[in-house]
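Structure, as structure tokens:
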Amino acid sequence: MNLSAKDELLKRLLLNKETPISGQEFADEYGLSRTAIWKYIKEFEMDGYEITSIRKKGYLLTSSPDILNAANIQKYLMTESFGKTIKHFDTCLSTQLIAHDEAQNGADSGTIIIAEEQTAGRGRLTRKWNSQMGKGIWMSIIIRPNLTPQQAPQMTLVAAVAVTRAIQELTGIEADIKWPNDILIKGKKVTGILTELQSDPDQVKAVILGIGMNVNQNGQDFPTEIQGIATSLKQVTGQTVNRAELAARVFKFLELYTKMYEKHGFAPIKILWEGFSNTTGKRIEAVMLNETIVGKALGISDEGVLEIELQDGTVRGIYSADINIRN
């Protein structure tokens, strides 16, 4: 997708930190006035970018704010379609709500809705998700995969593998996947995934993947009630993590594994998922709506169903439950 002149100017400033960008040459290329370029520069400065004007040479970017806009993310992109269209919000109720509307209106596959803050973020079973301003990655990805409605729920597991690989590649941290939708580090939750569909009975129109990642929170940034069970990448590494670069890594692996799933089925994703699983082989408790069972987690089926061996040797397939590891 072609960027607007303003976005293209910002992208060039970000990519050419050593070389000034000529305002006159850019104005000529886009058929704009020098005044229009000057106004763009002032708008960038109001957003927190520090830009130096060098006489007879042009504009040079000297400092960038930590925001998840298209220009900041797209300089790290390594994808064909995921992340090519990014709609960025300072604050919103929920990126998931916006993504559903955008998908209904024909948004392309790989479109990203991303926010600095959500005031009504939610996880699975409508649970509240704390989405603090500028501290994490709160986003929804619209995907139009070549899958049946029966195959679509496994996209949660595809996304879990993608997020885990992105964290590993950027930070070196080995994260675990807790079935079906949580990413943990040292037993504490760092990411949650919510998968929703727009579908006909025989055809998926769109998968809306909501991903919430705790990135640069300190311990006191979390509400008291979740400080014992939540963590962030900054807490684990001791360093501030580049949110834009991390988002781009997630898009890279999500595109890669979505294509793998479409082409080769769930089998290769299953192998990857089980390599990151923190439950396989362990005694677990599965809390469901109407019952709770305890048994040994055997892994997941070819349909992504969690298989638990009970004490009498029977195997139960679990489609939805809260999982707790038992000693």
Donor-acceptor pair between Glu285 and Thr292 side chains, under 3.5 angstrom: no
Whether Thr258 side chain and Leu254 backbone form a donor-acceptor pair below 3.5 Å: yes
Asp66 to Gly134 - nearest heavy-atom pair and separation: OD2-O, 4.1 Å
Atom NZ of Lys6: over 12 foreign heavy atoms under 6.0 Å: yes
Short side-chain to backbone donor-acceptor contact, Asp101 and Ile98, under 3.5 Å: no
Side chain proximity check, Ile284 to Leu306, heavy atoms < 4.5 angstrom: yes
Separation between NZ of Lys57 and CD1 of Ile21, rounded to the nearest 0.5 Å: 13.0 Å
Smallest separation among heavy atoms of Val241 and Thr237, with atom names: CG2-OG1, 4.4 Å
Residue pair Leu60 / Ile51, side-chain heavy-atom distance below 4.5 Å: no
Closest approach of Val204 to Ala152 (non-hydrogen atoms, all atoms of both residues): CG2-CB, 4.0 Å
Flag, side chain of Glu117 to backbone of Thr91, donor-acceptor distance under 3.5 Å: no
Heavy-atom side-chain contact between Asn69 and Leu10 under 4.5 Å: yes
Gap separating the CZ atom of Arg12 from the NZ atom of Lys75, nearest 0.5 angstrom: 16.0 Å
Under 3.5 Å: donor-acceptor pair, side chain of Lys189, backbone of Asp182: no
Ile114 to Ile86 - nearest heavy-atom pair and separation: CG2-CG2, 3.9 Å
Test item: Trp273 side-chain N/O and Gly299 main-chain N/O as donor-acceptor pair under 3.5 Å: no
Distance (rounded to the nearest 0.5 Å) between Ile183 CD1 and Thr231 OG1: 13.5 Å
side-chain hydrogen bond (donor to acceptor under 3.5 Å, both in side chains) partners for Glu50, two or more places apart: none
Residues, nucleotides or ligands: over 12 heavy atoms within 6.0 Å of Gln311 CD: no
Polar side-chain atom of Glu274 near backbone of Ile300 as donor-acceptor pair, under 3.5 Å: yes
Tyr59: ring pair (Phe, Tyr, Trp, His ring centres under 6.0 Å) partners, not counting sequence neighbours: none
Reported CD1-to-NZ distance for the pair Ile113 and Lys87, which is rounded to 0.5 angstrom: 6.0 Å
Pair Gln154-Glu303, side chain to side chain donor-acceptor pair (under 3.5 Å): steps then yes or no: CA-CA 7 Å; Gln154 286 91 296; Glu303 290 75 39; over 6 Å; no
Verdict with reasoning, Lys39 to Glu43, per salt bridge (Lys or Arg N to Asp or Glu O under 4.0 Å): CA-CA 6 Å; Lys39 286 182 178 179; Glu43 289 175 14; over 6 Å; no
Min side-chain heavy-atom separation Asn181-Leu194 under 4.5 Å: no
Flag, side chain of Asn242 to backbone of Ala244, donor-acceptor distance under 3.5 Å: yes
Polar side-chain atom of Glu255 near backbone of Thr79 as donor-acceptor pair, under 3.5 Å: no
Inter- and intrachain pairs under ring-ring contact (aromatic ring centres under 6.0 Å, His included), touching residues 23-57, at least two apart: Phe26-Tyr30
Other residues, nucleotides, ligands: >12 heavy atoms within 6.0 Å of Glu18 CD: no
salt_bridge(Lys259, Glu262) N-O dist < 4.0 Å: no
Taking every non-hydrogen atom, the tightest pair across Ile325 and Asn278: CD1-O, 3.5 Å
Ala230 to Asn214 - nearest heavy-atom pair and separation: CB-ND2, 4.4 Å
Interatomic distance, Met139 atom CE to Met213 atom CE [nearest 0.5 angstrom]: 6.5 Å
Spacing of NE2 belonging to His88 relative to CD1 belonging to Ile67, to within rounding of 0.5 Å: 5.5 Å
Glu225 atom CD, over 12 foreign heavy atoms within 6.0 Å: yes
Whether Glu309 side chain and Leu298 backbone form a donor-acceptor pair below 3.5 Å: no
Any donor-acceptor N or O pair under 3.5 Å, side chains Gln96, Ser140: yes
Exam field: side chain Gln118 to backbone Thr95, donor-acceptor pair closer than 3.5 Å: yes
NZ/NE/NH1/NH2 to OD/OE distance under 4.0 Å, Glu116 and Arg243: yes
